[in-house]
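Working notes, structure below.
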Protein chains: 2
Amino acid sequence: MMKPAQVVKALAALAQPTRLAIYRLLVTSGPEGLAAGQIAEKLKVSPANMSFHFKTLSHAGLVESTQEGRFVYYAANFAVMNGMVDYLTENCCGGHDDSCKAPTKKC
Amino acid sequence: MMKPAQVVKALAALAQPTRLAIYRLLVTSGPEGLAAGQIAEKLKVSPANMSFHFKTLSHAGLVESTQEGRFVYYAANFAVMNGMVDYLTENCCGGHDDSCKAPTKKC
DNA sequence: TCTATTGTTAAACGATTGTTAAAATAATAA
DNA sequence: TTATTATTTTAACAATCGTTTAACAATAGA
């Protein structure tokens, strides 16, 4: 189970329009990810601003980067999102209510 | 599907240690919820600070309050959390990967 | 009524955040 | 090497956030 501080960090990383858009784009892009420049162009964000937000997402563990030539590819780390969801839903309703269960399958 | 701005608001509401603790307490407490004072005592937070954080959580739709005499009971609104999770996981990996599915059941 | 209890509101303050522009770094190509 | 491309870093700034203190409702009971 994730620690509260790590969950807060992940939630904070996603709690910003540009970063949420970046993350969603990476979630739909799958494990290969996208180059920083592609994302910047698609979302109309300046390179400097992109780097700023990538750092926040990376530090939260939500995305990972791999350099390929001149390009830096970013991809979503699904495990951290799942950990976040697990943390939020754990022991939902005290676990007493059958109609109130945490998610069983995730990305 | 929730709008991005509403998702950002919900994420931001949870992206703070005190508010995350409040919310987790309410998630485990189920539909009846808890009185503001009970939460404040349990989490060792001042009443004024509690009100401040309740307002943020309420405004994000994550909790709902009902007054009973002098007491104000707060309870988690699970639908909003589920909407948030749905938004984050929608079209995961482009929907192409069978080993990569969004949660099917939630609180 | 008067008093205690429960919770909210308002103002002030320091701390953190997001954006921009400019400079710097890293990797490739000519 | 020099130039070009891709991304990061730095510094500056306004804007937002979280905590504290004090004052303010609203209800309940004597």
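The analysis underlying the following values was restricted to heavy atoms, covering all of them including side chains, and did not include hydrogens, waters or symmetry mates. Each chain gets a letter, A, B and so on, in the order the sequences are listed, and its residues count up from 1. Quick caveat, the model's predicted, so the values are computed rather than measured.
Computed from coordinates, the A/I22 CD1 to C/dG18 C1' distance equals 12 Å when rounded to whole Å. Rounded to an integer number of Å, the gap from A/F54 CZ to D/dA6 P is 14 Å. The distance between atom CG of B/L43 and atom P of D/dT19, rounded to the nearest whole Å, is 12 Å. Taking atom NZ of B/K55 as the reference point, atom P of D/dC17 lies 12 Å away to the nearest angstrom.
Of the candidates D/dA6, C/dT8, D/dG18, D/dA6 carries the atom nearest the A/F71 side chain, counting heavy atoms from C-beta on. Which of C/dT28, C/dG18, D/dT19 sits closest to the side chain of A/F52 comes down to C/dG18. Of the candidate nucleotides D/dT7, C/dG7, C/dT20, D/dT7 has the atom lying nearest to any side-chain atom of A/V72. Checking D/dT9, D/dT19, C/dT19 against the side-chain heavy atoms of B/T18 singles out D/dT19 as nearest.
Annotation: of the two residues near DNA chain C, A/E68 and A/N49, the 5′-most nearest-nucleotide partner is A/N49. Comparing A/M50 and A/R70 by the nucleotide of DNA chain D that holds the closest heavy atom to each, the one mapping nearer the 5' end is A/R70.
Counting only heavy atoms from C-beta outward, the side chains of A/P31 and B/C93 approach each other to under 4.5 Å. At least one side-chain heavy atom of B/R24 sits less than 4.5 Å from a side-chain heavy atom of A/Y87. B/L20 has its side chain within reach of A/V7: a pair of non-hydrogen atoms, C-beta onward, lies under 4.5 Å apart. With contacts defined as side-chain heavy-atom distances shorter than 4.5 Å, the pair A/V27/B/N91 does not qualify. With a 4.5 Å cut-off on side-chain heavy atoms, B/L34 and B/Y74 do not count as touching.
Side-chain N/O atoms of A/Y74 include none lying less than 4.0 angstrom from OP1 or OP2 on D/dA6. Side-chain nitrogen and oxygen atoms of A/Q67 include none within less than 4.0 Å of the OP1 or OP2 phosphate oxygen of C/dT28. Taking side-chain N and O atoms only, B/R19 has no distance below 4.0 Å to OP1 or OP2 of D/dC17. Within the structure, every side-chain polar atom (N or O) of B/H53 is placed at least 4.0 Å from both OP1 and OP2 of D/dC17.
Residue contacts shown for A/Y73 are absent, as no nucleic acid heavy atom lies under 4.0 Å away. Contact annotation for A/A40: no contact, since no heavy-atom pair falls under 4.0 Å across all strands.
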